[in-house]
**Student:** 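There's a structure below that I have some questions on.
Labels below follow one simple rule: chain letters A, B, ... track the order of the sequence lines, proteins then strands, and each chain is numbered from 1.
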2 protein chains.
Amino acid sequence: MLVYGADGFKMARISTREQILQEADQLFYEGGFEGTSFADIAAAVGISRGNFYYHFKTKDEILDGVISRRMEATRAMLDAWAAENDSPAERIVSFIRILIDNRTKIMDFGCPVGTLSSELAKLDHAAQERAADIFGLFRDWLAGQFRALGQEERADELALHLLGRSQGVAVMATAFRDESFVRSEVDALEARVQALCLAPSNHQPEEN
Amino acid sequence: MLVYGADGFKMARISTREQILQEADQLFYEGGFEGTSFADIAAAVGISRGNFYYHFKTKDEILDGVISRRMEATRAMLDAWAAENDSPAERIVSFIRILIDNRTKIMDFGCPVGTLSSELAKLDHAAQERAADIFGLFRDWLAGQFRALGQEERADELALHLLGRSQGVAVMATAFRDESFVRSEVDALEARVQALCLAPSNHQPEEN
DNA sequence: GACATATTAGGGCATTTGTCCTAATCATGC
DNA sequence: GCATGATTAGGACAAATGCCCTAATATGTC
């Protein structure tokens, strides 16, 4: 699907395949995997359902592509956070802040990673593990930052803990549509990182 | 659907309607609301799809019934915890322990309350609020226990926080199928309750 | 301009979905 | 043992589902 600009010249454009993945990504997030049909995606892209089959033979193939896309986007985001911040504490805060930045969508649809993982688990879908691998990217990256903070022993534990905390915030934000809860939890998490920074003992007190 | 015992006498039996709700409850949990069809439920109960319509006109009606059932079951569970334990701290620990008791199912299907709430949010389903009301039962009950612990001011905040923490644990347990993470988080949460008990200051340190 | 390939539209397929109707069967009180 | 209402089975319905085929069109190369 090539698009021509006003001047009549061909414009560099994303491929139809990429457009499909883009729309599917969003639809899967906002409506769920099962809740999104071939027709929904085709309509969103603006192509016929037949054309669809040329690019993806099954719905699972689209899911696979969407997960790959999300992994790539996640890697890019983590790299950007690493580049933008000099200290590991600031980097971890960047992670925590996605709860604030995406609060509106989170209150409407939850966390894209967590909800997909949960849905695929229920469907007993083979791609559940790949979906969980996105969590793995965050986990490893966060563990690296905690290690840089001097938490050698507990780096992975802290990473898992923080991931879980943010998932809990997302679920509750969706259930109660409560923005203030998101903010207070984010504040608590940020304070915790700062405290870890100042007193990297083994048993770190936390403000609640 | 009446059932006869070995002696030929009619047995007091749960109604077909109740059987439908029972199976639907389980199927909705293990396969999701959208992932479960009329036919699935009818097959599980062992009745024809036609008979189904006599008891529930629409799928949403079944969902409504399932949510009501879950609310009733939740109330009963909370009452039991209150009756079984004398101290508010022990009652809160009873709540935390469901993560341990149901760890296998949680690793397979997540938390029944959280996953239903998230799915209905994505489907933009009218029953999402009612699903969240189940969270409300836990929230109010937990807040009551924290109040009894002397946390007048922060009772609701602590209740929401604990609810969120347990949701986070459930999501991560499902994603990574990691039982040890569940246990360590549960230990941390229990330690936190004990600490609150001993030193009910406004800013309570927490072990991590 | 001719050609091979890449891409697209349109429709069709069997199956499943939620919903609904009708006729048969059951239980129960008279 | 009969009448009445409650319950059930079985099937029908249109719409939607995931999947697939074919013919047409566009694209890039020689």
**Student:** Would you please classify the geometry between the His125(B) ring and the Phe33(B) ring as parallel, tilted or perpendicular, with 30° and 60° separating the classes?
**Tutor:** perpendicular
**Student:** Between Asn51(A) and Thr16(A), does any side-chain donor sit less than 3.5 Å from a side-chain acceptor?
**Tutor:** no
**Student:** Identify whether the distance between the nearest side-chain nitrogen and carboxylate oxygen of Glu119(B) and Lys122(B) falls below 4.0 Å.
**Tutor:** no
**Student:** Verify whether one side chain among Ser184(A) and Asp187(A) offers a donor that lies under 3.5 Å from an acceptor in the other.
**Tutor:** no
**Student:** Is Arg75(A) paired with Glu72(A) through a side-chain N to carboxylate O contact shorter than 4.0 Å?
**Tutor:** yes
**Student:** Would you say Tyr54(B) places a side-chain N or O within less than 4.0 Å of OP1 or OP2 belonging to dT8(D)?
**Tutor:** no
**Student:** Side chain of Phe38(A) only, heavy atoms from C-beta on: which candidate in dA9(C), dT7(D), dC19(D) is closest?
**Tutor:** dC19(D)
**Student:** Pull out every residue in residues 62-70 of chain B that has a heavy atom closer than 4.0 Å to any atom of DNA chain C, ordered by number, or say none.
**Tutor:** none
**Student:** Does Arg139(B) make a cation-pi contact with Phe176(A), if we ask for NZ or CZ under 6.0 Å from the ring centre and within 45° of the axis?
**Tutor:** yes
**Student:** With a 4.0 Å limit, can you tell me whether Ser48(B) has a side-chain N or O closer than that to the phosphate oxygens OP1/OP2 of dT8(D)?
**Tutor:** no
**Student:** Considering only NZ, NE, NH1 and NH2 on the basic side and carboxylate oxygens on the acidic side, decide whether Arg147(A) and Asp156(A) come within less than 4.0 Å.
**Tutor:** no
**Student:** Which of these nucleotides, dC19(D), dT8(D), dT17(C), is closest to any side-chain atom of Tyr53(A)?
**Tutor:** dC19(D)
**Student:** Any residue in residues 21-29 of chain A with a heavy atom nearer than 4.0 angstrom to DNA chain C? Just list them by number, or reply none.
**Tutor:** none
**Student:** Would you mind telling me which of dT7(D), dG18(D), dT19(C) lies closest to the side-chain atoms of Lys59(A)?
**Tutor:** dG18(D)
**Student:** OP1 or OP2 of dT7(C) versus the side-chain N and O atoms of Asn51(A): is any pair under 4.0 Å?
**Tutor:** no
**Student:** If the cut-off is 4.0 Å, is Thr58(A) near the phosphate of dG18(D), judged by side-chain N/O to OP1 or OP2?
**Tutor:** no
**Student:** Would one find a side-chain N or O of Ser37(A) under 4.0 angstrom from OP1 or OP2 of dT17(D)?
**Tutor:** yes
**Student:** Taking only the side-chain nitrogens and oxygens of His55(A), find out if one of them lies under 4.0 Å from OP1 or OP2 of dT8(C).
**Tutor:** yes
**Student:** Please check this pair: side chain of Asn85(A) against backbone of Ser87(A), looking for a donor-acceptor N/O pair closer than 3.5 Å.
**Tutor:** no
**Student:** Would you kindly say whether Ser15(A) and Glu18(A) are connected by a side-chain donor-acceptor distance under 3.5 Å?
**Tutor:** no
**Student:** Would you mind telling me which residue lines up with the more 5' stretch of DNA chain D, Gly50(B) or Asp60(A), judged by nearest nucleotide?
**Tutor:** Gly50(B)
